[in-house]
There are 2 protein chains.
Amino acid sequence: MEQLWAAPAALTVREVHEQLAGTRELAYTTVMTVLDRLAKKKLTERERDGKAWRYRAAAPREELAADLMRDALDRAGDRREALVRFVGQVSDEEAALLREALSQLDAQEQTG
Amino acid sequence: MEQLWAAPAALTVREVHEQLAGTRELAYTTVMTVLDRLAKKKLTERERDGKAWRYRAAAPREELAADLMRDALDRAGDRREALVRFVGQVSDEEAALLREALSQLDAQEQTG
DNA sequence: TAGCATCTACTACGAAACGTCGTAGATAGG
DNA sequence: CCTATCTACGACGTTTCGTAGTAGATGCTA
């Protein structure tokens with residue numbers, strides 16, 4: 001359902017619907033409803049374009065993922081423990097990416 | 001609802017109910033249902049104790065949090081990007097804990 | 001200007017999850 | 001045998017989600 005995020009720019013309902021037509025047979029109004037609900041949840045934003053609305057993701061997929069990770073961490077009780085367990089679950093590659101992200105953060109703090 | 005996790009040992013429905021009585025006025029069967037549903041979702045385990053069941057968390061709160069973080073990361077598309085955003089959201093203290101967790105992971109890999 | 005196409009707004013409906021609880025029946029202790 | 005204690009199972013209202021239809025506004029076109 002959220003594969004609409006793949007799209008780079010703001011799309012109208014029609015465009016999303018057509019783009020989905022290959023993969024799944026959905027009624028036009030179904031797409032409309034979904035987009036509308038996402039907008040109500042602030043996951044998409046919309047702007048007028050003639051009589052139609054043009055929808056765009058409020059934040060990239062990665063930002064959503066990061067938010068969810070934060071939320072999970074917030075409900076953890078002992079954050080240290082949760083983080084230890086988290087890095088314990090993560091693949092080697094992901095651990096490397098994490099380290100990278102952290103040094104990037106350092107660099108930023110130096111500069112900014 | 002999941003504040004039942006605060007308890008250290010396996011508890012019977014009655015014990016959980018009594019423990020909750022101070023905070024919230026819940027029917028005995030409500031507690032039972034909840035515990036039972038949690039068990040069905042594998043979030044609690046239960047063992048017989050006389051005619052009663054004794055429930056215990058299948059995993060500590062922190063493990064659940066870590067699982068959720070993983071899930072979020074898995075639905076991210078570009079993991080690097082998601083991780084960068086995540087560490088960007090996190091507090092300084094949490095970043096430090098993360099670094100710590102990562103070095104701990106290193107040490108483990110050396111040893112184990 | 002009448003009519004058709006296009007779009008939105010609103011409503012709906014079934015399924016699943018959740019919080020809440022009741023009833024029925026098994027079991028154990030006095 | 002009666003009563004208290006537990007469980008199993010069902011139930012009901014609410015919310016979320018996927019799906020879709022209908023009504024009404026708007027705009028192009030003949």
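Here is how names work: the chains are called A, B, and so on, in the same order as the sequence lines, proteins then strands, and each is numbered from 1.
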Output yes when [X] and [Y] qualify as a salt bridge under the 4.0 Å nitrogen-oxygen rule, no when they do not.
X	Y	answer
A/R70	A/D74	yes
B/R85	A/D67	no
A/E47	A/R56	yes

Quick one: [X] [atom1] to [N] [atom2], roughly how many Å, whole number?
X	N	atom1	atom2	value
B/K42	C/dA17	NZ	P	15 Å
B/E18	D/dT5	CD	P	10 Å
B/L35	C/dC21	CG	P	15 Å
A/L20	D/dT19	CG	P	10 Å
B/H17	D/dA4	NE2	C1'	16 Å
A/L38	D/dT19	CG	C1'	14 Å
A/L26	D/dG18	CG	P	10 Å

_Residue met sooner reading DNA chain D from 5', once A/V31 and A/G50 are mapped to nucleotides_ = A/V31

*Taking a hydrophobic cluster as the set of Ile, Leu, Val, Met, Phe, Trp and Tyr residues connected by side-chain heavy atoms closer than 4.5 Å, whether directly or through intermediates, do A/L97 and A/L68 fall within one such cluster?*
no

_Is there a path of hydrophobic side-chain contacts, each under 4.5 Å between heavy atoms, that joins B/L43 and B/L20?_
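Yes, same cluster.
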
*Side-chain N,O (A/T30) to OP1/OP2 (D/dG18) below 4.0 Å*: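 For D/dG18, OP1/OP2 do not have a side-chain N/O of A/T30 under 4.0 Å.
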
*Check whether any side-chain nitrogen or oxygen of B/K41 sits under 4.0 Å from OP1 or OP2 of C/dA17, and answer yes or no.*
no

_Counting distance alone, no hydrogens or angles: does the base of C/dG19 have a donor or acceptor under 3.5 Å from a partner atom on the side chain of B/R37?_
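It does, because a donor-acceptor pair links the side chain of B/R37 to the base of C/dG19 below 3.5 Å.
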
*Sugar-phosphate atoms are those with a prime plus P, OP1 and OP2; base atoms are the rest. Using that split, label each nucleotide of nucleotides 3-10 of chain C B, S or - for protein heavy atoms under 4.0 Å, 5' to 3'.*
---BSBB-

